[in-house]
Amino acid sequence: MTKIINVIKGTHDILPQEIDKWHILEENALKIFTRYGYKEIRTPIFESTELFARGVGDTTDIVNKEMYTFEKSDKSLTLRPENTAGVVRSYIENGMARLSSPVKLWYKGPMFRYERPQKGRQRQFHQVGIEMFGIKEPTADAEVIFMAVNYLKSLGLNNLEVEINSLGCPKCREEFKNKLKTVLKWEFNNLCEDCQNRYEKNPLRLLDCKVESCKTIFEKPEIQKVIQSDFICEECAEHFVKLKSYLDKLGIKYTVNKLLVRGLDYYNRTVFEIKSNNLGSQNAVCGGGRYDSLVKNLGGEDTPAVGWAMGMERLNSLLPLPEPKKLDGYIVSNSPVNAFELAEELRDNGYNIEFDLSNKKFTKQLEKASKVANYAIILGEDEINAGNVSVKNLATGEQKTVSIQELRSML
RNA sequence: GCGUCUGUCGUCAAGCGGUUAAGACCUCGGAUUGUGGUUCCGAUAUACAUGGGUUCGAAUCCCAUCAGACGCCCCA
């Protein structure tokens with residue numbers, strides 16, 4: 001036998017038996033986001049490599065280690081590892097700054113990251129996400145979080161934990177980073193290898209280390225003092241306080257997690273995640289935040305923005321498997337032409353109909369009907385001659401002989 | 001990139017050094033040539049990831065490779 005070709009590591013087929021769940025995710029996204037005034041946008045799956053380097057940030061792992069990059073006629077192209085950069089590019093390129101503010105966009109589609117696959121993480125995975133441009137007030141942060149929660153509710157997912165934090169603005173964050181680095185300088189050689197890397201790349205992440213020796217170091221009073229200090233400046237603090245008060249008044253339960261940092265460079269002020277306890281170690285279904293400087297960094301006008309993305313495979317694994325849908329009717333007949341005519345007529349009227357295409361025996365056809373359909377529509381010689389059909393309810397066994405007109409009202 | 005575990009029919013699995021390598025489900029056919037979902041019978045003619053080794057003898061033990069799962073890093 002010829003050698004078969006397998007799917008690529010970290011990718012997988014979405015098979016017919018699970019596609020209903022994907023439709024639920026997509027239909028609810030359209031429905032809920034539309035209620036909040038969002039329009040769908042579809043951007044290309046590959047973009048110029050530079051977009052991600054500048055947009056996502058060239059200190060991030062996503063850009064440094066995880067991109068699918070290829071060359072084509074002297075251009076460096078990359079399969080999108082996330083979609084915020086692409087949407088921002090489109091926002092700028094299509095002059096959406098001229099649209100009346102806020103501009104609200106949502107998307108869904110595949111993303112690509114070259115990572116080691118594990119539970120809740122694939123190399124090709126799907127995100128559904130939203131971006132809102134033009135509002136600097138914390139009302140935007142609140143609405144965006146509220147919509148995320150509502151979307152999850154619409155999927156029947158209620159027991160999820162919302163975590164928020166504020167990273168401050170570039171200025172106050174820089175100060176905090178420096179303080180942290182100063183106080184940890186003496187301990188640098190005692191930190192684990194990962195922490196030594198984080199020390200330069202993303203000092204805020206140091207605090208989340210799981211290595212015991214590092215935890216012990218961080219517990220020292222002089223270091224705790226820095227960690228516990230509220231580093232964010234007055235304006236940033238006010239923004240955060242307002243956001244929290246909105247969430248409180250809207251009845252959204254959340255916890256403030258000072259260790260919530262997020263790895264994408266573009267975030268400032270508000271960051272948030274929504275987590276589930278039923279997902280294993282990759283437990284965030286939603287991640288997002290404010291990114292006020294990204295539009296400008298990518299060459300647009302200075303425009304504040306907030307957004308989030310959800311991992312659709314992760315959402316999917318939280319959804320119960322819906323009952324597979326059956327056909328409305330299966331025509332049992334040994335007269336293909338008559339079966340065709342009846343099937344087409346019923347299909348034109350919106351019914352889902354199949355019939356046997358291989359001229360199987362009557363009992364076989366009926367057996368098939370009982371597996372795939374709610375009704376068997378029996379169109380044998382007797383019925384054809386009499387100009388009617390026999391309709392059998394396959395759940396109850398009830399059978400009636402009716403005219404074709406009557407048949408329509410039965411299904 | 002690192003670590004741990006796992007690879008037996010389309011699917012789920014038994015077997016743990018000597019078996020014709022169970023069984024169940026699915027699919028297909030028959031009992032049943034116009035009445036299914038229950039039942040009974042049968043079929044699927046080359047399922048032990050691949051390549052080496054140890055042994056009289058390997059699906060079973062060892063090594064390598066490949067693949068998968070989970071975890072670390074990082075992220076949805």
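Numbered from 1 within each chain, the chains take letters A, B, ... in sequence-line order. No hydrogens, no waters, no symmetry mates; every other heavy atom, side chains included, goes into these values. None of these values were measured; they are calculated from a predicted model.
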- Mind checking the C1' distance from A49(B) to U8(B)? Whole angstroms is fine. 10 Å

- Closest-nucleotide ordering on RNA chain B, the 5'-leading residue of C286(A) and K65(A): K65(A)

- Euclidean distance for C1', U55(B) against C61(B) (whole angstrom): 10 Å

- Heavy atoms of Y36(A) and K104(A) approach each other most closely as O-NZ, 2.9 Å

- Message: If I take atom NZ in residue K119(A) and atom C1' in nucleotide G68(B), what distance separates them, rounded to the nearest angstrom?
- Response: 14 Å

- Atom CG of L260(A) to atom C1' of C74(B): distance rounded to whole Å? 14 Å

- Query: In whole angstrom, what separates H12(A)'s NE2 from A67(B)'s P?
  - Reply: 18 Å

- Taking atom P in both U19(B) and C5(B), what distance in whole Å separates the two? 30 Å

- Message: Students often get this wrong, so: under 4.0 angstrom with heavy atoms, is Q122(A) touching a base, only sugar-phosphate, or nothing?
- Response: base

- Task: Determine the contact category for A309(A): base if any of its heavy atoms lies under 4.0 Å from a base atom, sugar-phosphate if only primed atoms, P, OP1 or OP2 are that close, otherwise nothing.
- Result: sugar-phosphate

Report each atom pair, protein N/O against N/O of nucleotides 40-42 of chain B, whose distance is under 3.5 angstrom.
none

List, with names and distances, any nitrogen or oxygen atoms from the protein found under 3.5 Å away from nitrogen or oxygen atoms belonging to nucleotides 33-38 of chain B.
from	atom 1	to	atom 2	distance (Å)
G34(B)	O6	E381(A)	N	2.8
G34(B)	O6	D382(A)	N	2.9
G34(B)	O6	E383(A)	OE1	3.4
G34(B)	N1	E383(A)	OE1	2.8
G34(B)	N1	E383(A)	OE2	3.4
G34(B)	N2	E383(A)	OE2	2.8
U35(B)	O2	K392(A)	NZ	3.0
U35(B)	O2	Q399(A)	OE1	3.4
U35(B)	N3	Q399(A)	OE1	2.9
U35(B)	N3	Q399(A)	NE2	3.3
U35(B)	O4	Q399(A)	NE2	2.8
G36(B)	O2'	S370(A)	OG	3.2
G36(B)	N7	K392(A)	NZ	3.2
G36(B)	N1	L394(A)	O	2.8
G36(B)	N2	L394(A)	O	2.6
G37(B)	N2	L394(A)	O	3.4
G37(B)	N2	A395(A)	O	3.1

- Between K392(A) and E398(A), is there a salt bridge with N-O shorter than 4.0 Å? no

- Query: Can D356(A) and K368(A) be counted as an ion pair, charged N to O under 4.0 angstrom?
  - Reply: no

- Please report the closest heavy-atom contact between L319(A) and K21(A), naming both atoms and the distance. O-NZ, 3.2 Å

- Considering only the C1' atoms, how many Å lie between G15(B) and G23(B), rounded to the nearest integer? 11 Å

- Query: Under a 3.5 Å cutoff on both atom distances, Watson-Crick or G-U, what's the dot-bracket for RNA chain B ([ ] crossing, | other strand)?
  - Reply: ((((((((.[[[..)..(....]]].(((((.......))))).....[[[[[..)....]]]]])))))))....

- Task: Examine Y330(A) together with F355(A) and report whether their ring centres are nearer than 6.0 Å.
- Result: no

- Query: Given A67(B), is OP1 or OP2 found less than 4.0 Å from the side-chain N or O atoms of K9(A)?
  - Reply: no

- Given Q124(A), K119(A), H126(A), the one that forms side chain to side chain donor-acceptor pair (under 3.5 Å) with E313(A): H126(A)

- Task: Produce a footprint string for nucleotides 1-10 of chain B: one letter per nucleotide, 5' end first; B if the base is under 4.0 Å from any protein heavy atom, S if only the sugar-phosphate is, - if neither.
- Result: BB--------

- Whole-angstrom distance between G71(B) and A58(B), as gauged at atom P: 38 Å

- Task: To the nearest Å, give me how far apart CG (N283(A)) and C1' (C72(B)) are.
- Result: 15 Å

- Any donor and acceptor pair, going by atom type alone, linking the side chain of E115(A) with main-chain N or O of R121(A) inside 3.5 Å? no

- Query: For atom P, what is the distance between G37(B) and G30(B), given to the nearest Å?
  - Reply: 14 Å

- Message: Check this for me, if you would: do R347(A) and E345(A) make a salt bridge, where the nitrogen-to-carboxylate-oxygen distance has to be below 4.0 angstrom?
- Response: no

Which donor-acceptor pairs under 3.5 Å do the side chains of residues 271-280 of chain A make with protein atoms, sequence neighbours left out?
from	atom 1	to	atom 2	distance (Å)
E273(A)	OE2	R262(A)	NH1	2.6
K275(A)	NZ	E163(A)	OE1	3.1
S276(A)	OG	N278(A)	N	2.9

- Item | Length of the line joining N359(A):CG and G29(B):P, which is rounded to integer Å | 13 Å

- Does any donor atom in the side chain of T84(A) or E131(A) lie under 3.5 Å from an acceptor atom in the other side chain? yes

- Here the distance between atom P of U32(B) and atom NZ of K364(A), to the nearest Å, is 13 Å

- Heavy atoms under 4.0 Å, any strand shown: does E273(A) hit a base, just sugar-phosphate, or nothing? nothing

- Query: With sugar-phosphate meaning primed atoms plus P, OP1 and OP2, does K360(A) contact a base, only sugar-phosphate, or nothing at under 4.0 Å between heavy atoms?
  - Reply: sugar-phosphate

- Task: Sticking with atom P, work out how far G51(B) lies from A31(B), rounded to a whole angstrom.
- Result: 44 Å

- Message: Rounded to whole Å, please give me the gap between CG in D356(A) and P in C28(B).
- Response: 11 Å

- Query: In whole Å, what is the span from the CD atom of Q118(A) to the P atom of C74(B)?
  - Reply: 12 Å

- Say whether E161(A) and T255(A), considering side chains only, have a donor N or O and an acceptor N or O under 3.5 Å apart. no

- May I ask you to say whether K31(A) pairs ionically with E27(A), meaning some side-chain N is under 4.0 Å from a carboxylate O? no

- Task: Pick base, sugar-phosphate or nothing for G120(A), based on heavy-atom distances below 4.0 Å to the nucleic acid.
- Result: base

- Query: In whole Å, what separates the C1' atom of C40(B) from that of G7(B)?
  - Reply: 37 Å

- Is it true that the NZ or CZ of R123(A) lies under 6.0 Å from the centre of F112(A)'s six-membered ring and within 45 degrees of the ring axis? no

- Task: Could you list the residues that satisfy ring pair (Phe, Tyr, Trp, His ring centres under 6.0 Å) with Y151(A), not counting sequence neighbours?
- Result: F33(A)

- Output for pair (S90(A) OG, M96(A) CE), nearest 0.5 Å, gives 3.5 Å

- With D141(A) as reference, evaluate K244(A), H239(A), R269(A) under the side chain to side chain donor-acceptor pair (under 3.5 Å) test and give the passing residue. H239(A)

